[in-house]
Amino acid sequence: MPRRRAGPVRITHSGPVSNMPSPRLNDKRWSIDLEKRIQEEHYADEEVYSKRYGFNPDSGKEIFVIDTPPPYPSGTWHIGAVAQYSMIDVIARSQRLLGKEVKFPWGVDRNGINVEFTVEKNTKRKMKTYDRAEFLKLCEETIEEFTQSMRNTARRVGLSMDFANEYLTDAPNYRMVTQTIFTELFKRGAIVEDLRPNIYDPVEGTTIADAEVERLQRRTKLVDVKWRTEDGEELIISTTRPELICACGIVVVHPDDERYQHLIGKKAMLPIPVEGREISVEIATHPSVKSEFGSGILMVCSFGDQNDVAVFRELGLTPFQAIDLDGCMTDIAGPFASMKVSEARKAVIEYLESEDKIYQIVEKEQEVPVSERGKNPVEIILLKEWYVRQTHMQDRISELSDEIEFHPPRNKQFLLDWMENISIDWPISRRRWYHTEIPIWYADNGSKIICAPSGMYVQPWCQSPPDNSEVLDRETREVLGTYSELKKDLNDIVGEEKVFDTWMDSSNSNLFVSGYLNDMDTFEKAFPTAIRPQGKEIVRTWLYYTLLKSALLLDKPGFKHVWIDGLGMDPWGRKMSKSLGNGIDADSVLECGAGGRTGSWRVKGPDKSVQLKANKIGSECFRLWKACDAQVGDDFQINPEEIEAKYFGVLTKLFNVARFASQFENPEHLDTVPADLSVEDRWILAEFASTMEKVEKGWAELDIYTATQALKTFGTGVLPSHWLEMSKSRLYDDDINAAWTIHRIVRDLMAALSPVCPFFTHHISNTLYGESAVDVREFPVRTPNDDELRALTNAIEEFNGATWRTKKESGLSLNAPISGIEIPDELSEFKSILTQMHKLE
RNA sequence: GGGCCCGUGGUCUAGCGGUUAUGACACCUCGCUUACACCGAGUUGAUCGUGGGUUCGAUUCCCACCGGGCCCA
């Protein structure tokens with residue numbers, strides 16, 4: 001089955017080509033090279049660019065601030081994310097088209113552990129072996145390199161962001177906002193310090209939050225250990241963590257488990273030696289025990305896992321600290337103290353074997369909680385950390401989020417589900433470096449806290465407190481005075497060394513881009529931020545934490561709209577990942593077709609690898625695909641072959657319609673509808689009016705799919721297939737009304753489509769009309785509608801179709817004269833034009 | 001193990017209680033026609049995952065199951 005012609009047959013027309021007017025669109029067709037040329041021009045002149053896409057809070061227009069997700073720079077940008085950003089750009093451009101004053105900021109999220117890892121990897125040296133200032137400098141240089149490639153890709157996909165006012169989350173003006181909000185919330189008691197069990201990554205030496213834990217399948221040993229009760233009865237207890245026996249606080253069985261009723265209340269002797277604690281524990285009942293698992297007897301260790309923590313809390317047991325901050329066993333482990341956790345596990349197993357205290361060891365697949373960033377098994381450790389109180393806020397956040405419009409509405413569920421699961425406060429302090437510093441100092445043996453003043457970025461690990469800092473009592477948070485007043489009496493001033501979780505920064509992005517602290521006049525007008533566009537995978541972090549912050553700080557919903565898109569998946573609907581080998585690089589798709597180079601991708605499928613090939617895609621086709629192919633909100637499959645096959649032809653079609661139009665002179669007054677339009681012109685203008693009504697509504701409701709579909713259907717359907725076929729000869733005969741109609745439609749169509757295909761429409765409208773579609777700041781005025789004419793559309797299409805079919809069946813070419821065809825009565829107004837069009841005799 | 005989402009011609013997709021079930025791509029047939037062969041016209045092709053229920057009526061609502069995905073334990 002040949003899919004393509006082996007070689008295109010070149011057609012030479014014998015008609016009178018020489019006296020044809022020449023099209024003002026020089027290029028014969030839309031191409032990726034043309035696209036790139038236009039794009040480069042577009043971004044080259046910064047002054048023109050800023051005038052076009054900059055933000056002027058005093059324009060008097062309705063302000064529409066987009067809380068763009070600041071991407072985290074890390075080498076390559078995921079194609080699914082790039083597709084999402086292109087749709088955010090469609091929102092920005094369509095809101096401008098509707099006359100809003102749009103702020104579409106370009107921010108880069110640069111804080112965090114990723115860049116620290118990169119520097120460690122590049123220099124083969126652990127962070128904590130560096131001087132802190134030296135390490136921060138290396139991080140900054142490294143992140144800047146990655147940032148540059150993202151800036152390029154952002155332009156290549158056509159984002160109309162305010163690049164001149166780029167914000168960086170690691171810059172002083174951004175970190176200042178994070179620090180000031182922290183101080184405010186601390187003074188109000190919304191942020192507290194406490195000694196609590198925390199999830200801890202011993203390899204990286206830092207606390208992490210619930211949201212940062214993921215699970216990996218690993219093979220582990222399930223060890224059945226022989227314990228004895230105080231009166232000598234043998235018990236088998238299964239565990240994957242024998243090294244934690246030293247931290248065992250209680251042994252439990254299910255209350256209904258008849259096998260073990262006689263044990264309840266007795267003592268179980270720990271099977272390994274311990275130091276500094278009693279050598280036996282009580283046997284009790286707990287409903288969380290699964291009787292069918294192992295022997296049905298469970299040892300509960302302080303901080304073995306989250307369930308253990310819950311049992312300890314419930315039964316009021318005092319926890320033991322078995323693991324220290326370096327991931328080593330503490331003194332209570334007796335002979336195993338100071339060993340790394342994994343060494344201790346081996347040593348304990350050896351000891352138990354030598355003592356004949358092992359019943360059996362089974363290798364087992366188990367899910368191990370690891371840190372998302374470092375993939376290290378995490379431990380639960382009791383630590384003094386900073387927390388944002390959140391458990392008491394769930395009802396209020398829920399109420400506030402009812403004021404937010406979600407797109408699509410069903411994706412709100414991701415937020416509600418996550419909020420259901422929240423049971424502990426949010427630990428925000430981290431023992432890392434390339435993050436925003438916690439802006440406090442301790443004094444007088446830690447009994448007083450010095451808080452940095454509002455509006456200032458500070459680095460307490462290397463700076464003294466500024467004079468206008470405030471001094472507070474650490475317990476009561478009572479303000480005692482300013483630092484300058486009190487400093488002569490303060491002793492042992494120590495700067496906090498810990499930093500914030502990066503979500504503590506990211507969760508003020510809406511406040512920051514709306515002007516909070518930096519431009520409070522604008523903020524008053526712009527908050528709640530118009531829209532938060534984001535992927536569904538970060539609802540539980542970015543969206544949730546942002547709503548929490550806005551609720552705590554201002555008791556307001558953070559946004560008017562939240563727009564949640566799905567994830568970009570591979571052609572089989574699976575998540576793209578390095579390990580599956582099914583990733584598709586964004587730049588390769590955007591560059592596909594440039595300089596005549598084809599794109600090819602080897603992608604691993606579920607059964608075998610496939611080779612995907614495409615000749616031309618580029619940003620306009622890519623954007624059109626994402627806008628047109630499916631409703632926003634569900635996961636979407638990315639297949640370059642399909643993108644090209646389904647959507648490049650749409651561009652070609654529209655380009656040719658415009659190119660055809662460009663042979664005919666522009667009528668002078670495109671805004672004034674001529675009084676003597678013929679019926680077919682009034683008909684197509686009515687169709688166009690109805691299309692534009694759908695489009696305007698679509699843009700207003702952030703319904704990209706409906707708006708783009710309407711444009712595509714009209715622009716590649718009824719306009720060229722029916723009206724243009726009807727009107728060709730009138731156009732060649734210099735009919736001024738036909739020319740007015742085609743130009744009015746092309747001009748307005750370009751404006752309406754400009755949010756999706758900015759460079760394509762910019763080029764066409766600039767060439768034909770001397771003004772760019774991307775500069776239109778008011779949705780085009782509707783052409784006259786006429787329901788009666790529009791009601792004839794089906795009849796027209798059917799009549800044309802039937803006539804073409806008849807010609808085909810009679811073996812006639814489509815432009816051959818034909819006799820014996822009757823025009824139906826309802827189309828009597830169209831009689832002469834249809835007769836002419838089909839050469840009816 | 002729990003939660004959520006999805007399952008529509010070969011492929012992708014629209015649909016939100018009544019439609020001859022939308023559109024695109026692919027397939028097939030025909031066509032060199034003064035925008036476009038990277039084209040045009042025309043066909044073929046779907047018991048809307050399966051089984052129950054609610055309803056006068058279900059692709060649409062409910063339940064169960066099967067399959068896929070995501071998130072969480």
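Within 4.0 Å of A:Phe655, counting heavy atoms only, lies no atom of the nucleic acid at all. Looking at heavy-atom distances under 4.0 Å, A:Gly801 makes contact with sugar-phosphate atoms alone, never a base. At the heavy-atom level, A:Ser662 lies nowhere under 4.0 Å from the strands shown. Contact annotation for A:Leu724: base contact, defined as any heavy-atom pair under 4.0 Å involving a base atom.
Using cut-offs of 30° and 60° for the angle between ring planes, the A:Phe799 and A:His838 rings count as perpendicular. Aromatic ring orientation, A:Trp418 versus A:Tyr544: perpendicular (interplanar angle above 60°, classes split at 30° and 60°).
Summarising the base pairing, B:A64 is matched to B:U50 through a Watson-Crick or G-U wobble pair whose two defining distances lie under 3.5 Å.
B:C61 and B:U43 are spaced 33 Å apart, taking the P atom of each and rounding to whole Å. Comparing the P positions of B:G23 and B:A41 gives an interatomic distance of 14 Å, to the nearest angstrom. With P as the reference atom, B:U22 and B:G15 are 14 Å apart, rounded to whole Å.
Residue A:Thr652 has no polar side-chain atom (N or O) positioned under 4.0 Å from OP1 or OP2 of B:C39. An OP1 or OP2 oxygen of B:G40 is reached within less than 4.0 angstrom by a side-chain nitrogen or oxygen of A:Lys653. Here A:Lys575 reaches the OP1 or OP2 of B:C71: one of its side-chain N or O atoms lies under 4.0 Å away. Between A:Gln631 and B:G15 there is a side-chain N or O to OP1 or OP2 distance below 4.0 Å. The phosphate of B:U43 has OP1 or OP2 within less than 4.0 Å of a side-chain N or O from A:Arg805.
Judged by closest nucleotide on RNA chain B, A:Thr716 is the one of A:Thr716 and A:Trp572 placed further toward the 5' end. Take the nearest nucleotide of RNA chain B for A:Gly649 and for A:Met569: the residue whose nucleotide is more 5' is A:Gly649.
No more than 12 heavy-atom neighbours from other residues, nucleotides or ligands sit within 6.0 angstrom of CD on A:Glu420.
Comparing B:U13, B:C25, B:C30 against the side chain of A:Ala645 picks out B:C25 as the nearest. Residue A:Lys536 has its side chain nearest to B:C70 when only B:C71, B:C70, B:A41 are considered. The side chain of A:Phe648 approaches B:C38 more closely than any other nucleotide in the set B:U29, B:C38, B:C70.
Side-chain atoms of A:Thr546 and A:Arg532 include a donor-acceptor pair closer than 3.5 Å. Side-chain contact, A:Arg24 with A:Asn666: a donor N or O sits under 3.5 Å from an acceptor N or O.
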